[in-house]
Amino acid sequence: MMSEHKDELDSVCSNMSMVSIGGEEMSAEQAVDEAVKATQDGLNNLHVGLRNILTYDERGMTFDETKDDYDKLYALIAELMDLIKTAKSIVKQVQPRKPRQTTTKAK
């Protein structure tokens with residue numbers, strides 16, 4: 001029964017539009033899956049990194065000892081922001097276009 005639902009979903013998704021991500025054309029389904037997976041992985045890494053830096057003060061670590069870790073977190077945050085922009089781009093590309101307003105001329 002679950003397989004039937006997945007087949008139906010795959011069939012519907014296969015009719016979805018193509019999107020362009022970073023100059024690469026792919027199905028909207030693939031773009032969504034890749035963007036969400038990368039975002040989840042990034043958030044998990046951010047969580048671990050943030051928890052680690054919370055211990056630096058009590059361990060008496062200096063700026064120089066922690067700088068690389070902070071730089072990595074800043075870079076990870078920048079990557080996550082780019083991934084959110086990618087998700088926004090996907091939404092814009094698959095959203096149906098607003099219908100054009102037809103104007104009627106007064107007689």
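In this structure, Gln95 CD and Lys98 NZ are separated by 10.5 Å, a value rounded to the nearest 0.5 Å. Separating the CG atom in Asp33 from the OG atom in Ser27 is a distance of 8.0 Å, to the nearest 0.5 Å. The distance from the CG atom of Leu50 to the CG atom of Asn45 is 10.5 Å, given to the nearest 0.5 Å. Atom CD of Glu65 and atom CG of Asp68 lie 11.0 Å apart (nearest 0.5 Å).
Partners of Asp69 according to the side chain to side chain donor-acceptor pair (under 3.5 Å) rule, which considers only residues two or more places apart in sequence or in another chain, are Tyr56. Under the side chain to side chain donor-acceptor pair (under 3.5 Å) criterion, Asp57 pairs with no residue, sequence neighbours left out. Contacts of Gln40 classified as side chain to side chain donor-acceptor pair (under 3.5 Å), with partners at least two apart in sequence or in another chain: none. Remark: Gln101 pairs with no residue by the side chain to side chain contact (heavy atoms under 4.5 Å, CB included) rule, at least two apart or across chains. Remark: Asp71 pairs with Lys67 by the salt bridge (charged side-chain N to carboxylate O under 4.0 Å, His left out) rule, at least two apart or across chains. Shown here are the side chain to side chain donor-acceptor pair (under 3.5 Å) partners of Glu34, two or more places apart in sequence or in another chain: Gln30. Residues satisfying the side chain to side chain contact (heavy atoms under 4.5 Å, CB included) criterion with Leu80, sequence neighbours excluded, are Thr39, Leu43, Leu46, Leu76, Leu83.
Note: the hydrophobic cluster containing Ile21 also contains Val36 (ILVMFWY, side chain heavy atoms under 4.5 Å, direct or indirect links). Side-chain heavy atoms closer than 4.5 Å link hydrophobic residues (I, L, V, M, F, W, Y) into clusters, and following such links, possibly through other members, connects Met81 to Tyr70. Leu73 and Leu54 are members of different hydrophobic clusters when ILVMFWY side chains are connected at heavy-atom separations under 4.5 Å.
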Stepwise side chain to side chain contact (heavy atoms under 4.5 Å, CB included) check, Val19 with Glu25: CA-CA 6 Å; Val19 295; Glu25 290 287 319; over 6 Å; no
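Looking at Ile53 and Thr66, their side chains never come closer than 4.5 Å, going by heavy atoms from C-beta outward.
Sorted by first and then second residue, the side-chain hydrogen bond (donor to acceptor under 3.5 Å, both in side chains) pairs with a member in residues 82-94 read Ser89-Gln93; sequence neighbours excluded. Pairs passing the salt bridge (charged side-chain N to carboxylate O under 4.0 Å, His left out) check and including a residue from residues 35-51, sequence neighbours excluded, read Lys37-Asp41.
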